[in-house]
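Inspection log for the structure reproduced underneath, given as structure tokens.
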Amino acid sequence: MLNFAIRGLLKSMEYNFLDIEKRWQKFWKDNKTFAVKENANKQKYYVLDMFPYPSGAGLHVGHPLGYIASDIFARYKRLKGFNVLHPMGYDSFGLPTEQYAIETGIHPELATKENTERYRKQLDQLGFSFDWERQVQTSDPSYYKWTQWIFANLFDSYYCQRQDKAVPISHLVNCFSEQGNTDLNAYCDADTPRFTSEDWSNFSKHQKEDVLQKYRLAFLSDTWVNWCETLGTVLANDEVKDGVSERGGFPVEQRLMKQWSLRITAFAERLLAGLETIQWSDSIKEMQRNWIGKSEGVSLFFKTEKNDCEIEVFTTRPDTVFGVNFLVLAPEHDLVRALTVDNKKDEVKAYISSVKLKSERDRQVEKNITGVFIGSYAIHPFTKEKIQIWISDYVLAGYGTGAVMAVPCGDQRDWDFANHFDIEIINIFKDIDVSKEANEDKNVEITNSDFLNNLNAKEAIKEAIKKIETNGIGKRKVNYRLRDAVFSRQRYWGEPFPIYYQDDIPYTLAETEQVTLPKIDKYLPTSTGEPPLARANKNDWNIFKGDRMETNVMPGWAGSSWYFLRYMDPKNDNAFCSKEKSDYWNQVDLYIGGAEHAVGHLLYSRFWTKFLYDKGLISFDEPFKRLINQGMILGRSNFVYRINQTNTFVTFEKSTDYKTTKLYVDINIVDNDILDLNQFKQSKEEYKDAEFILNEDGNYKCGYETEKMSKSKYNIQTPDALVEKFGADTLRLYEMFLGPLEQFKPWDTKGINGVHNFLRKFWRLVHDSENKFFVSEEKPDANSLKTLHKTIKKIDEDIARYSFNTVVSTLMICINELSDQKCINKEIISDFTILLSPYAPHIAEEIWNKLGNETSISFAKFPVYNEMYLKEDDINYPVSFNGKMRFNIILSSESSKEEIEKAIMNYEKTAHYLQGKEPKKIIVVPKRIVNIVF
RNA sequence: GCGGGUAUGGCGGAAUUGGUAGACGCGCUAGACUUAGGAUCUAGUGCCGCAAGGCGUGGGGGUUCGACUCCCUUUACCCGCACCA
């Protein structure tokens, strides 16, 4: 017994990570080790993490993965002499907290405070080198003041297409009063009316503002939304399932609502082009390209038979224009009402309301072909023939012009539609059968098409556009799928708009005024369906101007679109960030975060950055130079198998012999897939009397599956328990050791002992049996120098390609070799400690300190690789026969090709592998390999 | 349907420009020290085979003296987008 106690004590004396880690975390905090200042003499490096939303659930082992990688990189860059900006903060506005407030009545601000404090504790225990002096929090009024400020700037700007940049709206007003808008090249809504300077001066202030709204980069517009009456809110597409809200199952309808939008579409081309200048993964760039969805074609006008209106269609295939024999409009199209003939009105009305009940997603899933002929006709611009006008939900109001020229022979959807409604299919393709399906192949000759006959698609497109433009019936046009970003949320926990209304005209508050979130009694919409902020009375607002304040709030991505700039100058009261500071810190050099933000956050921040650049407020127009998306860490869920209608659970091996139900079991009561039966019985009342059918070893073996970590799957691994058991250094190393940063990988704690042993092995190398630190002052021997420099070289190379997992193995190999060499040389150990420090900073500080250093290892000098130490006198050549490696032979590195050939031909084993044949060819790659072909 | 990615031992993974496939770690096997081991140390460990040898990077084909790596083709899985005119 006594023996046991002493052993336990000795073991804890060995490498006492708990004590070491606590001590150094305190040291860093007390000494503000990682607080950073601008320093013109030092080269800057900016390493950023996607800041977390502080949820109530806290961190699981997947969260810190990216933070560990970025921290390693930041620490590495510091050792390399860079002035490193490595901040952290919280994206603290958001729905879950608001939902929690609705349920409990607890103010989101309070819940947010608790959550951020817990996050901070969990982050601190992992030893990150964040500069917490620079923390930002999007829900903090001193932060969102500037989010509001940027919004107000967007409101006061329009996009000038001549200068190709955002310009103050006051310029536009000047143009209007001097020359109207007829000769203006400014980005605006398609339905903007043309007016002269005289018109402008005669406009009422409402009319003037209506016009300006068509140009402003932040503007009010009627937008189709998924409105849920019962919840009193607008829902995102994925919150709607089968026409009802996912939460609660309440009915949802399409409704036109006045909402703030941001004119991101004005930046579409630049957002596309900018992708060429940044180092992001191909998949993310491709997703953004997809999202922007550029297509080049022509917009073509079809006159209508009776009315004097024209229908504009967009097409990428003007070459097929002679195949057009009907038009299809989106049911929501503006002209539908005017073009519907009297005896079709009821049918059209019924169709439109049936479409309105379907969400956009439903419409996409729907495969039934529906539509209505609205009774009137358009005139084909070339053949002058009468063609029918239809409406159908396969045409989307939000894409292109909301109308298509139907070419049934050349477009499968048009073909299906024509086929379904028995409309004629005109064939314009030579020797192609279109009676079974449309021909979408462009490599065919066109016929039956007047001036386009005998051309292929490519030539015909060119010709068609030429003719369309000279005839004045249309224009070359670039179309984007990207839509303007809806910027209003009918919620409470978000940034209030710096907007008030007077006579229903929106005005921004003065720059000196900041509106903050008013206190309200409940976090729910009003009984009339107004957003929660409408509950605030006039004197609940810190500022109240005009007739009413804006009661929507901004969306979650508002604050995160520019936070990387605020870190540069987090306490500035006079600007969102001084130009001086943003000039110094400049772009984010390395940005690490999850791929789930591929298009949302990453596109919007690019947009805001370009806007701020246009305004001359920053001097770069792409925010994140290099982006890395860390892969998700998946959980490993365990299952038990209950035999149906019984309380008996059968072990995995025998589960197929019975009819069973597979149930999740908490991974905390399972060890190596073996279930702890007692704990299982205690875990739930219904399991109290559970019976078991065990396997041959007398154990209950659980099934397992690898899937996303979530509470409901009982497979959450928190870092806390692991830090306590193995220490933060071990956890950091282990998360990196799991595999490539960008890959998805299952979490499994089995291997964690391995990296823990590595740290202990290092500790034991420099401590004697009494756990006394000991290194030798002698000159290092050649072998150890070789080991060290091999390691330095590989680490430099690996970090340069963000291969963090291989660095861990390299460090392990280094310690294995130094241990074999019994190397406790002070110089070698010092350098190794520095190499290790970005990964395991606590143990590194401890050893560094014991080595006699008084300052933190964080600013030590990264050892420099010296080729000299790796020189080899002998090379161990692998010798292959017909490409198959047979044996190794040690030869001098100085040997010539001839000498190598000779040595090998004389080698005893060679004859055996030649099987009596003569070699045809001997390939010698110096210092690499020898291959004998026979 | 379109776009992007992945596939290597029992497991996580390594192999950077075509040059010894399986580094490193887990697990497993045997042994040592131990009253004990979920500690430590030593040796072994891709598969088949007693061996010689053969086979091996999802499948098939090709280029090459030599292919996990390059080309063609195919399968499975993951991610994103989609009646996009």
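Reminder, nothing fancy here: chain letters follow the sequence lines and each chain counts from 1.
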Taking the [atom1] atom in each of [N] and [M], what is the distance between them to the nearest angstrom?
N      : M      : atom1 : result
C28(B) : G19(B) : P     : 35 Å
A36(B) : C47(B) : C1'   : 38 Å
U42(B) : C26(B) : P     : 13 Å
A15(B) : U8(B)  : C1'   : 10 Å
C2(B)  : G10(B) : C1'   : 39 Å
G31(B) : A21(B) : P     : 33 Å

* Take atom CD in E596(A); do more than 12 heavy atoms of anything else shown fall under 6.0 Å from it? -> yes
* To do: For the residue pair M50(A) and H597(A), establish whether any side-chain heavy-atom pair is separated by less than 4.5 Å.
  => yes
Taking the side chain of [X] as heavy atoms from C-beta outward, which of [options] is closest to it?
X       : options                : value
F314(A) : U20(B), A85(B), G13(B) : A85(B)
I923(A) : C65(B), U20(B), G38(B) : C65(B)
Y399(A) : C83(B), A14(B), A85(B) : A85(B)
R481(A) : G25(B), C81(B), G12(B) : C81(B)
H912(A) : C65(B), C55(B), G53(B) : G53(B)
M812(A) : C65(B), G25(B), G4(B)  : G25(B)
N816(A) : G25(B), C26(B), G19(B) : G25(B)
Y913(A) : G53(B), G80(B), G13(B) : G53(B)
I813(A) : G66(B), A85(B), C24(B) : C24(B)

* is_close_aromatic(Y913(A), F934(A)), centroid dist under 6.0 Å -> no
* Over how many whole Å does the gap from I391(A) atom CD1 to C83(B) atom P extend? -> 19 Å
* To do: Provide the Watson-Crick or G-U wobble partner of A85(B), both distances under 3.5 Å; none if there is no partner.
  => none
* Exercise: do T749(A) and Q717(A) side chains pair donor with acceptor under 3.5 Å -> no
